[in-house]
Amino acid sequence: MANDQRVDKWLWAMRIFKTRSIATDACKKGRVMVDGVSVKPSRLIHVGDTIAVRKPPITYTFRVLALAPNRLGAKLVPNYLENITSPDQYQLLEMVKISGFIDRQKGLGRPTKKDGRELQKFTQEAYFGFDDFMDDDDDDDDDDDDDDDLGFDYYDNNNR
């Protein structure tokens with residue numbers, strides 16, 4: 001194995017990008033940084049370098065553990081890189097996913113079935129445990145007399 005490798009080839013081999021041309025475009029657009037510096041696709045990386053990849057809305061951060069000559073299977077990827085992305089970035093991603101179907105842009109049409117299920121799941125999780133506080137039923141109205149403090153049955157007396 002070589003001591004260095006092009007950053008675009010490494011990003012493709014580690015399955016961070018689907019194709020090498022997409023990895024190259026990301027480098028050209030300034031979305032890939034090595035040790036805090038924006039890089040060109042031909043930049044050579046070494047073991048121990050920290051690579052930040054901005055895929056909006058979050059920035060993924062990886063540490064290079066080893067270099068691979070070819071594209072790897074998904075199960076082998078953890079042997080070659082360490083994901084050091086902060087948990088705050090993943091929380092941001094989750095918030096964007098949630099707001100994606102709550103704050104629908106006007107003109108996008110009806111929500112899909114998947115959007116509806118996700119919205120229902122979200123609202124059920126939000127109100128879970130608050131059923132006792134929002135109960136409209138009065139539990140003390142168990143008798144069927146309907147006396148209502150009048151001392152007599154209203155419907156029986158008016159129908160005579």
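The first residue in the sequence is number 1, and the count goes up from there. This one's a predicted model, so the numbers in the text were calculated from it and none came from an experiment.
Contact of the Val64 side chain with the Ile51 side chain is registered, since non-hydrogen atoms from C-beta on lie closer than 4.5 Å. In this structure, the side chains of Cys27 and Val7 come closer than 4.5 Å at one or more pairs of heavy atoms. With a 4.5 Å cut-off on side-chain heavy atoms, Ile84 and Phe62 do not count as touching. Contact check for Leu93 versus Tyr60: side-chain heavy atoms found under the 4.5 Å cut-off.
There is no side-chain donor-acceptor pair under 3.5 Å between Asp88 and Ser86.
Under a 3.5 Å cut-off, the side chain of Thr61 and the backbone N or O of Ala52 do not form any donor-acceptor pair. No donor-acceptor distance shorter than 3.5 angstrom exists from the side chain of Gln89 to the backbone of Ile58, with no hydrogens or angles considered.
Each of Val53 and Leu44 belongs to its own hydrophobic cluster when Ile, Leu, Val, Met, Phe, Trp and Tyr are linked at side-chain heavy-atom distances under 4.5 angstrom. In the hydrophobic clustering of ILVMFWY residues, with side-chain heavy atoms under 4.5 Å counting as a link, Val47 and Val77 come out together.
Within a 6.0 Å sphere centred on NZ of Lys40, heavy atoms belonging to other residues, nucleotides or ligands number 12 at most.
Atom NZ of residue Lys9 and atom CG of residue Leu67 lie 10.5 Å apart, to the nearest 0.5 angstrom.
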* Asked: Stepwise, does the side chain to side chain contact (heavy atoms under 4.5 Å, CB included) test hold for Met33 with Val39?
  -> CA-CA 6 Å; Met33 295 190 292; Val39 295; over 6 Å; no
Atom pairs and distances, donor-acceptor, side-chain atoms in residues 14-24, under 3.5 Å, two or more places apart:
residue, atom, partner, partner atom, Å
Arg15, NE, Leu72, O, 2.5
Arg15, NH2, Leu72, O, 3.1
Thr19, OG1, Ser21, OG, 3.2
Thr19, OG1, Ile22, N, 3.2
Thr24, OG1, Asp8, OD2, 3.0
Thr24, OG1, Arg20, O, 2.9

